[in-house]
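Residue numbers start from 1 in every chain, and the chains themselves are labelled A, B, ... in the order their sequence lines are given, proteins ahead of strands. Values reported hereafter were calculated over all heavy atoms of this structure, with side chains retained and with hydrogens, waters and symmetry mates removed.
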Amino acid sequence: MQIRLHVNGDAHDLDLDPRTSLLDALRHHLGLTGTKKGCDHGQCGACTVLMDGRRINACLTLACMADDVQITTIEGLGTPDRLSPLQQQFLDHDGFQCGYCTPGQICSATGMLEEIAAGWPSHVSDNLEGPFAPSHAEIAERMSGNLCRCAAYTHIVAAIQQAAMAGSQREDAA
Amino acid sequence: MREFTYLRANSVADVPAGATIIAGGTNLLDLMKLEVMAPDALVDITRLDLNRIEPHEGGLRIGALVRNSDLAADPVVRRDYPVLSRALLAGASGQLRNMATTGGNLMQRTRCPYFYDRRMACNKRDPGTGCAAQGGVTRHHAILGASDRCIATYPGDMAVALLALDAVVQIDGPAPREVPLADFHLLPGETPHVETVLKPGEVITGVTLPAPVGGEQRYRKVRDRASYAFALVSIAAVIRMEQGQISHAALAFGGVAAKPWRDGDAEAVLLGREPSDALFAQAADILLKPARAFGDHAFKIPLLRRTLMATLRDATGLEATA
């Protein structure tokens, strides 16, 4: 079937089997292999992308259902010479070992920090009212949909915390 | 995944009786990849206007397509129905909550590994083939309301809180109707493949909540890891105290039966009484009188007792005064 996907600001017209997941459409049909396939069942988070700014599992989304939304992949967050703040912090904090889960971690953290900024509570929040600080416990809970088989979690959390603090400082200065 | 025809509905009337409805898709697509479910036609209802949370007869109406994350973060839900926010936040992952919908969450299938594995006998997946879970490895299985045909549980958290809040499911179709959530899910009996009262051609359009009752609201979930895991047992509790006595008690239990479980007798014994461990033990005795488990998951009977005692102590402030 004919599908138009909007990815990283560009529109793409594709002829896809309805069974095609958004993940397979990105990787196999658009060549955007930054988004990774781990479990393909929504358990590992390696396929995390942003849909209208919200983090989702691309493996559990049909491409044909995503034809009128803006999709952002790791390729759309930054470029090698112009990294996103989270990409820079992952580098600075060595937030990976093999790197396979990293695009999903960074896309997920990008969406997650927006959720904290919007005042969304989490399972570990003491109260539901907020505001919520990006504590270790909050980040660990909110990132539980992203697994790292190398267990680089300590550095991943440090990178995200640093990006969160830098982000709030930028907002304070603005 | 088997082939299917993809349809998109622009109104409830567009939903064909024979088609399987897809919204968030987080559970359905998982099952379709494993070919545990193999619908001939999928009808995408995500363009229907069912996205709002709005006042309704002193309470709230939650559209069927409201995402779990939006519902958990809604200011009115957080203020007036905190047990619902807490239950939603205890479930799944941030990514899944951004996709999963209110209606779809009510329709999620069991996580029984024998249901998921097509090589295994399963009366729910393939009626009449038997139940490999019984005599197999059990953990997330039922201790209440099971039958010799099926010991699977309903795995969700949201519906447990909705049950404690006396939610009602709004259904559109040839004959629009409203069904109390308590009557929406079915126990397995002889037909474990029939999980809800929803009929072909019917669509869940929303869930309503009565006016808020206030009180102390808790969602306590016990699971094998601290986050992103299904409940072994969970409890949604809404407890109100007046002059040192319990004046309102709503208790719903997850992970223990094929439906979110509620026991009016266990609640009634608490009313008009001062909180005490002896009283809570009485409620637990009533709740667990029909409990049965053969095999590995028998630990859930004492686990549910301890979890209920702890939840009631917490919600009535007994620990603070003891």
message: With a strict 4.5 Å heavy-atom criterion, list every residue of residues 34-43 of chain A that contacts chain B, or say none.
response: A:Asp40, A:His41, A:Gly42, A:Gln43
- prompt: What part of A:Glu115 lies closer than 4.5 angstrom to a heavy atom of chain B: side chain, backbone, both or neither?
  reply: side chain
query: Okay, side chain of A:Thr110, backbone of A:Ile106: is any donor-acceptor separation there less than 3.5 Å?
result: yes
field: Residues B:Thr101 and B:Asn68: side-chain donor-acceptor under 3.5 angstrom
entry: no
query: How about B:Tyr81 and B:Asp74: does a side-chain donor come under 3.5 Å of a side-chain acceptor?
result: no
query: Measuring from A:Asp24:CG to A:Leu30:CG, what's the distance to the nearest 0.5 Å?
result: 11.5 Å
query: Is it the side chain or the backbone of A:Met112 that comes within 4.5 Å of chain B heavy atoms, both, or neither?
result: neither
- request: Please state whether the side chain, the backbone, both or neither of B:Ala87 comes within less than 4.5 Å of a heavy atom of chain A.
  value: neither
field: Residue among A:Asn146, A:Leu62, A:Asn127 with most heavy-atom pairs under 4.5 Å to chain B
entry: A:Leu62
message: Please identify, among B:Ala92, B:Ser69, B:Gly24, the residue contributing the most non-hydrogen atom pairs under 4.5 Å to chain A.
response: B:Ser69
message: Under a 3.5 Å distance rule, please check whether A:Thr20 uses its side chain to pair with a backbone N or O of A:Leu16 as donor and acceptor.
response: no
query: For A:Ser108 and A:Arg55, does a side-chain donor sit closer than 3.5 Å to a side-chain acceptor?
result: yes
task: Please determine if A:Asp67 and B:Arg8 form a salt bridge, counting it only when a charged side-chain N lies under 4.0 Å from a carboxylate O.
output: yes
- prompt: Is there a donor-acceptor contact under 3.5 Å linking the side chains of B:Thr316 and B:Glu216?
  reply: no
task: With a 4.5 angstrom heavy-atom cut-off, could you sort out which part of B:Arg2 is near chain A: side chain, backbone, both or neither?
output: backbone
field: Among the listed options A:His123, A:Arg19, A:Arg54, the residue most often paired with chain B at heavy-atom distances under 4.5 Å
entry: A:Arg19
query: Can A:Glu141 and A:Ser122 be counted as having a side-chain donor-acceptor contact under 3.5 angstrom?
result: no
message: As an exercise: rank B:Leu42, B:Leu28, B:Thr46, B:Leu34 by heavy-atom pairs under 4.5 Å with chain A and give me the winner.
response: B:Leu34
message: Side chains of B:Tyr219 and B:Ser234: any donor to acceptor distance under 3.5 Å?
response: yes
